[in-house]
Amino acid sequence: MFTLSNAFLKILVKPKGAELCGITAVKNQKQFMWHADPEVWESYAPNLFPVIGALKEDSYLFEGNKYQMPKHGFVRHSEAIKLIKQTENSLSFSLTYNQDLLQIFPFKFQFNITYTLTDNILKITHTVKNLDNKTIYFSVGGHPAFKCPLYDNENYTDYSLVFESEETAETYLLNMDNGLVTDQTKPAFDTKNSIHLTHDLFNKDALIFKDLKSRQVALVSKTHGEILNVSFNDFNYLGLWAKPNAPYVCIEPWLGIADAENTSQNLTEKEGIIKLPINETFNASYSIQIHEHHLG
């Protein structure tokens, strides 16, 4: 386990998948992340690359060839990703293509993820380098799960997700049988800028937004105020999710999305796909800010 701390926060990162697995207040030891109960959902904050969500038939096409790819890609389960640099306030991990990965993702790449702690803010930076002699195609995103409720005297329904702007966006519905995105939408907001958390909110899987105005969303308790916020300026999509009745909520900044029901399965035509030219480097960051009121 890798650790990073300052006067405000301590974070933990698992070697497998370089997965963030703890954000703790130094003074009062309050834990802000879900504890990954394997009986409910065994992850904390998987890193999503090179796809997000499900692919049709768990596969895609590139240059006439068919490749198999697990949901959310392969970084989340990678034992090959390694710590490459540690400073006083950051941890950087890297995964480079290998022969096994080329069998499912035919591109030469380097994927880096860096966790940087500054006061009460954790910044997560994704960097992808094209090491190939052709354009490479990928998606990238986060999947952090936050403890909810945070305090013992609260209920899940005491919480809301509050967005920085007034929203008219609707959530795109998933096909529950295969995890693919349909063209059907439904309203998700209870007020002009908030979504109230209920135990059945995610009964039909994630809420998926393609056209939010906001680039920041806060987890807010009606009794304890704002707990934390997630800022995602570099990300065009947002997913919200939890297992039904589970005591957490995931706030997921995405660059990319699960396959549509009517997909061609051609990777180069996939909605939200990032196209990175030869010798180019791509960067995208999101940040998690813990409100100072809860740090002790």
Side-chain angles (χ1 to χ4, degrees), residues 8-11 20-37 40-41 43-45 119-122 124 142-171 185-209 211-233 235 237-254 286-296:
F8 301 89
L9 297 172
K10 177 182 179 180
I11 70 163
L20 178 68
C21 60
I23 303 175
T24 307
V26 170
K27 289 183 180 178
N28 63 15
Q29 297 300 300
K30 190 168 291 296
Q31 171 60 254
F32 295 91
M33 293 198 71
W34 157 246
H35 59 279
D37 180 352
V40 181
W41 185 58
S43 296
Y44 301 89
D119 296 335
N120 58 331
I121 299 174
L122 174 62
I124 299 101
H143 201 312
F146 301 106
K147 184 178 179 182
C148 185
L150 183 65
Y151 290 91
D152 292 338
N153 62 343
E154 295 181 304
N155 297 308
Y156 196 73
T157 53
D158 292 330
Y159 280 73
S160 294
L161 295 168
V162 179
F163 292 71
E164 65 177 348
S165 301
E166 292 187 359
E167 297 289 352
T168 57
E170 296 192 342
T171 176
T185 64
K186 73 171 185 178
F189 284 83
D190 301 292
T191 72
K192 290 182 178 180
N193 72 328
S194 68
I195 298 173
H196 180 223
L197 295 185
T198 61
H199 291 296
D200 60 357
L201 181 61
F202 303 110
N203 278 359
K204 294 187 177 180
D205 212 317
L207 304 185
I208 295 173
F209 297 100
D211 47 7
L212 290 170
K213 300 184 187 74
S214 302
R215 286 297 177 267
Q216 184 179 98
V217 57
L219 178 63
V220 178
S221 160
K222 72 178 184 181
T223 52
H224 294 277
E226 181 176 314
I227 305 299
L228 57 87
N229 67 65
V230 177
S231 297
F232 50 99
N233 285 331
F235 294 81
Y237 299 84
L238 186 74
L240 303 172
W241 178 80
K243 285 286 184 75
N245 297 308
Y248 67 88
V249 62
C250 293
I251 302 173
E252 308 176 41
W254 295 340
Y286 71 91
S287 63
I288 301 165
Q289 180 175 17
I290 308 298
H291 200 286
E292 59 189 14
H293 292 169
H294 310 286
L295 299 178

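Values in this document were obtained by computation on a predicted structure and should not be read as measured data.
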Here the gap from L240 atom CG to L207 atom CG, rounded to the nearest 0.5 Å, amounts to 5.5 Å
Sub-3.5 Å donor-acceptor pair from the side chain of S214 to the main-chain atoms of S165, do we have one? yes
Here the pair of heavy atoms bringing I121 nearest to S287 is CG2-CB, 3.9 Å
Y159 meets the side chain to side chain donor-acceptor pair (under 3.5 Å) criterion, sequence neighbours left out, with E154
Residues passing the salt bridge (Lys or Arg N to Asp or Glu O under 4.0 Å) test with D205, sequence neighbours excluded, are none
Correct closest heavy-atom pair for Y286 and P144 would be OH-CD, 3.6 Å
M33 vs I11, side chain to side chain contact (heavy atoms under 4.5 Å, CB included): CA-CA, chis, key distance, verdict | CA-CA 10 Å; M33 293 198 71; I11 70 163; over 6 Å; no
Side-chain (W34) to main-chain (A45) donor-acceptor, under 3.5 angstrom | no
Tightest non-hydrogen contact, residues I227 and S221, listed as CD1-CB, 4.2 Å
Applied to residues 188-204, the salt bridge (charged side-chain N to carboxylate O under 4.0 Å, His left out) test, sequence neighbours excluded, yields none
Notebook entry, point to check: Cation over ring, K30 on Y151, under 6.0 Å and within 45°?
Noted result: yes
Looking only at heavy atoms, the pair that brings F232 and P253 closest together is CB-CB, 3.7 Å
Of H294, Q289, H291, the one forming a side chain to side chain contact (heavy atoms under 4.5 Å, CB included) with N120 is Q289
Separation between NZ (K10) and OG1 (T24), nearest 0.5 Å, reads 7.0 Å
Does T171 use its side chain to pair, donor to acceptor, with the backbone of I208 at less than 3.5 Å?
-> yes
- Item | Whether Y156 side chain and Y248 backbone form a donor-acceptor pair below 3.5 Å | yes
Interatomic distance, CG@L161 vs CG@L219, rounded to 0.5 Å, equals 6.0 Å
Sorted by chain and number, sequence neighbours left out, ring pair (Phe, Tyr, Trp, His ring centres under 6.0 Å) with F8 holds for none
CG (L212) and CG (L238) are apart, to the nearest 0.5 Å, by 6.0 Å
What one should report as the nearest heavy-atom pair of I23 and Q31 is O-OE1, 2.9 Å
What one should report as the nearest heavy-atom pair of C148 and L197 is SG-CD1, 3.7 Å
Checking F202, F209, W41 against W241 for ring pair (Phe, Tyr, Trp, His ring centres under 6.0 Å), the one that qualifies is W41
In this structure, CD1 of I290 is separated from CG of L228 (nearest 0.5 Å) by 4.5 Å
Report yes if the side chains of N193 and V162 come closer than 4.5 Å at any heavy-atom pair, otherwise no.
yes
Here the salt bridge (charged side-chain N to carboxylate O under 4.0 Å, His left out) pairs for residues 211-228, sequence neighbours left out, are D158-K222
One should read off an interatomic distance between I124 CD1 and L20 CG, to the nearest 0.5 angstrom, of 6.0 Å
### Query
Quick one: does H199's side chain have a donor or acceptor within less than 3.5 Å of a partner on P244's backbone?
no
Those residues at least two apart in sequence (or on a different chain) that pass side chain to side chain donor-acceptor pair (under 3.5 Å) with E164 are none
